Trainee: 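Take this structure, written in structure tokens, and hold onto it; I'll ask about it next.
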Amino acid sequence: MNNKEIADIFQEIAVYLEMEDDSFRAKAYEKVAGILEDSSEEAGDIYKKGGLKALEDIPGVGVSIAEKMEELLKTGKLKYYEQLKKKTPVDLGQLKSIEGLGAKTIKTLYKKLKVRNLNDLEKAAKQGKIKNLEGFGEKSEENILKNLEFSKKSSQRFLLGQIIPLAREIELRLKEMKEVKNAVACGSVRRKKETIGDLDFLVISNNPKPVMEMFVSMPEVSRILAQGQTKSSVRFKNEMDADIRIVPEESYGAALCYFTGSKDHNIALREIAIKKGWKLNEYGLFKGDKMIAGKTEEEIYEKLGMDYIEPELREMTGEIEASLAHKLPKLINYGDLEGDLHVHTDATDGNNTIEEMARAAMALGMKYIVIADHTKRLAMTRGLDEKRIQQQWKEIDLVNKKLAAGDSKFVILKGTECDILKDGSLDLPDKILSKLDIVSVSVHSLFNLPEKEQTERIKKAISNSNVNILNHPTGRMINKRDAYAVDMDEIIRHAKKTGTVLEINSFPDRLDLKDEYIKKCVEAGVKLSISTDSHSVQHLPFSEYGIAQARRGWATKNDVINAWPLEKMLKMLK
DNA sequence: GCCGTTTTCGGCCCGACTGTTTTCAGTCG
């Protein structure tokens, strides 16, 4: 049993305890679930090495939870959990994914209407049974239906950040086979779309049979949809479909292009080929029967009279025209970031200390990080007030000194993720903000203000001369909630006017700004930052997803302030 | 159920919104 599986069970226990109004005990389980999920060390390994005592050393884990972990690791089952489940046999994973449904609501719906899963829920709501329950009404029923629709709409797609690790793992498995010359995940994974519908693997091999055998018998596979000589399809246990396609080496580039997409981009390429009297398919670019290109993508674009188009740009948003006119931007590259401008610590809702975050960032090749913890308005995170943030400065100074003594050029800068209050004022006084190296501000409340009010609120916040960066500017959470109503064109205009930088938040379920707004910023000359919003050292590599997002928004190194040398960046900030 | 520079018991992030209600329960961050 791995950490994720244990964490899921603990998460469910927390919900069950919440049903019983035992919220403190629930919090205890929730906390451990979070820690397990973020931990890079498997609880199973910890237990193997040090037994029960070692489990108890995990923060948040005491005698009781350690024993439950032991039972899960040993037997794969947990009596305590089974009992809770028996008492209220509902699909918590499903029901909790609906926004607005918490423990209490789920319990009531089960007790009164026997709602166990989303199907039951939809039926009950459509039959108008929910609105008649005590404590419910027209609105609650309406909202349940609306949120059901939203979760249906978005649940077929997976987050890029969830899927890339899996895609790479399978890629590696394929590459390690002696029959395989090359293997690569194509499709929307290669284009680094923010969500992924299914996986496409392209493999070069002269001996496809054993490759196919391996692919369809991977442990992730729940069902084989098709299995042939050069192409197979499977369904994974996580409900995602995956295809594999095997082509000869001379077709690699054409196949790569074809399987990377997007579909519309491919159609546009084919049309250009047709105009030249040629034919483009997944095996190559052909003049009559003669193949004139196909081994690499580069030679195909070149033959078509185009500059090479990076996969992230292949979305039919003007890349064909720009390529033909040799006017494509030179995109920011993976590895171009000098530092991370948005990092949390255990002073608020992060898991690691300042020093741990710094050392982890250093190990990833960063030259600096900005500690940007929450402020007091966000009470649930124990946000910093005036006094505590000043205390944090002292700690940062100490760690900086320590790092410098170790002959490191790495620096930790002082920042904040300051809450924007309802009226657009900020959660820390100017006299504090003015002393910080970098001030970033965020909306964390009142997501449902009317658009005008929300826009004015944010405009007022970034008008403060101490503010440098607007974090996750639209507040959307992929597959969970839409952006709040805000006039982004107006925000971008105002950012330009005030010299405010807009953040590209790299967290897999945020990726906020999204590509279209990034492109607007680039066009307007509004600078961007790419930050991870890390709440633990494990989150620091998320910058890859932010960079991907920036590339999808046509951003160059010059557009991204933390791709510049630190000195230059600090000088630019207002 | 966990935890300890106010400590081994009594705290445990808490403010605001929504939708139901006439003062609050549930949910969210």
Side-chain angles (χ1 to χ4, degrees), chain A residues 9-11 13-36 55-69 78 80-81 84 92 95-109 111 125 130-147 344 346-350 373-385 388 391 395 417-423 427 442-450 453-454 457 471-472 475-477 480-482 484 505 507 509-510 512 533 535:
Chain A
I9 288 174
F10 284 180
Q11 204 75 60
I13 290 174
V15 180
Y16 281 128
L17 291 169
E18 202 75 65
M19 288 181 189
E20 307 304 329
D21 252 331
D22 199 349
S23 59
F24 291 123
R25 199 169 270 135
K27 285 262 158 59
Y29 279 96
E30 217 170 82
K31 187 177 165 200
V32 175
I35 285 168
L36 286 177
L55 290 178
E56 276 181 55
D57 286 336
I58 299 171
V61 176
V63 181
S64 175
I65 291 189
E67 277 172 1
K68 291 190 174 65
M69 288 171 78
L78 181 59
Y80 178 59
Y81 170 64
L84 292 168
L92 284 180
L95 293 171
K96 270 292 278 179
S97 75
I98 303 298
E99 236 200 332
L101 283 200
K104 299 291 168 59
T105 313
I106 291 171
K107 187 183 178 187
T108 309
L109 290 175
K111 291 275 178 243
I130 292 175
K131 64 169 181 279
N132 295 328
L133 295 178
E134 201 183 338
F136 293 72
E138 288 282 353
K139 271 276 169 100
S140 2
E141 196 169 76
E142 230 172 77
N143 277 337
I144 285 176
L145 281 169
K146 220 167 62 190
N147 292 334
H344 293 273
D346 58 3
T348 60
D349 58 348
D373 268 320
H374 291 291
T375 54
K376 59 184 185 293
R377 162 62 186 73
L378 213 53
M380 60 149 328
T381 68
R382 285 194 312 129
L384 302 180
D385 58 17
R388 285 181 64 215
Q391 205 157 356
E395 289 171 43
E417 177 176 15
C418 187
D419 251 62
I420 300 176
L421 306 181
K422 183 172 184 183
D423 63 354
D427 200 22
S442 298
V443 168
H444 287 124
S445 61
L446 299 165
F447 297 133
N448 56 346
L449 290 182
E453 207 175 320
Q454 192 72 277
R457 175 192 186 194
N471 292 326
H472 42 74
R476 65 99 173 246
M477 302 275 266
K480 196 160 176 207
R481 66 160 190 247
D482 288 324
Y484 34 72
N505 189 295
F507 224 79
D509 63 355
R510 281 196 185 270
D512 181 8
D533 201 353
H535 286 68

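We name chains A, B, ... by the order of the sequence lines, and we start the count at 1 in each one. The structure displayed is predicted, hence computed values, not measured ones.
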Trainee: May I have the step-by-step check of side chain to side chain contact (heavy atoms under 4.5 Å, CB included) for Met19(A) and Leu92(A), ending in yes or no?
Mentor: CA-CA 12 Å; Met19(A) 288 181 189; Leu92(A) 284 180; 4.0 Å; yes
Trainee: Under 4.0 Å, heavy atoms only, any strand: does Val61(A) hit a base, just the sugar-phosphate, or nothing?
Mentor: sugar-phosphate
Trainee: Base, sugar-phosphate, or nothing: which does Lys68(A) touch, judged by heavy atoms less than 4.0 Å apart?
Mentor: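 Sugar-phosphate contact only.
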Trainee: Sugar-phosphate means primed atoms, P, OP1 and OP2; the rest is base. With that split, encode nucleotides 24-29 of chain B 5' to 3' as B, S or - using protein heavy atoms under 4.0 Å.
Mentor: --SSSB
Trainee: Indicate whether OP1 or OP2 belonging to dG1(B) is found under 4.0 Å from a side-chain N or O atom of Arg25(A).
Mentor: yes
Trainee: Applying side chain to side chain contact (heavy atoms under 4.5 Å, CB included), can you list everything that pairs with Thr108(A), at least two apart in sequence or on another chain?
Mentor: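 Expected list: Lys112(A), Phe136(A).
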Trainee: Starting at CG of Asn147(A) and ending at P of dG19(B), how long is that distance when rounded to a whole Å?
Mentor: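 Whole-Å distance recorded here is 10 Å.
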Trainee: Return the nucleotide paired to dG10(B): Watson-Crick means purine N1 to pyrimidine N3 with N6-O4 or O6-N4, wobble means G-U with N1-O2 and O6-N3, both under 3.5 Å.
Mentor: dC3(B)
Trainee: Under the salt bridge (Lys or Arg N to Asp or Glu O under 4.0 Å) test, which residues partner Glu56(A), sequence neighbours left out?
Mentor: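 Salt bridge (Lys or Arg N to Asp or Glu O under 4.0 Å) list for Glu56(A), sorted by chain: Lys53(A).
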Trainee: Please work out if Asp22(A) contacts a base, only the sugar-phosphate, or nothing of the nucleic acid, heavy-atom cut-off 4.0 Å.
Mentor: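 The residue Asp22(A) makes no contact with any strand.
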Trainee: Could you pull out all residues at least two apart from Arg457(A) that satisfy salt bridge (Lys or Arg N to Asp or Glu O under 4.0 Å)?
Mentor: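 For Arg457(A), no residue satisfies salt bridge (Lys or Arg N to Asp or Glu O under 4.0 Å) once neighbours in sequence are set aside.
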Trainee: Counting the atoms with a prime plus P, OP1 and OP2 as sugar-phosphate, which does Leu446(A) contact under 4.0 Å by heavy atoms, base, sugar-phosphate, or nothing?
Mentor: sugar-phosphate
Trainee: Could I get the full list of salt bridge (Lys or Arg N to Asp or Glu O under 4.0 Å) partners for Glu141(A), not counting sequence neighbours?
Mentor: Lys131(A)
Trainee: Name the nucleic acid region contacted by Glu138(A), choosing base, sugar-phosphate or nothing; use a 4.0 angstrom heavy-atom cut-off, strictly under.
Mentor: sugar-phosphate
Trainee: How would you list, by chain and number, every residue that makes a side chain to side chain contact (heavy atoms under 4.5 Å, CB included) with Tyr81(A), sequence neighbours excluded?
Mentor: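 Side chain to side chain contact (heavy atoms under 4.5 Å, CB included) list for Tyr81(A), sorted by chain: Ile9(A), Glu12(A), Ile13(A), Tyr16(A), Leu78(A), Lys85(A).
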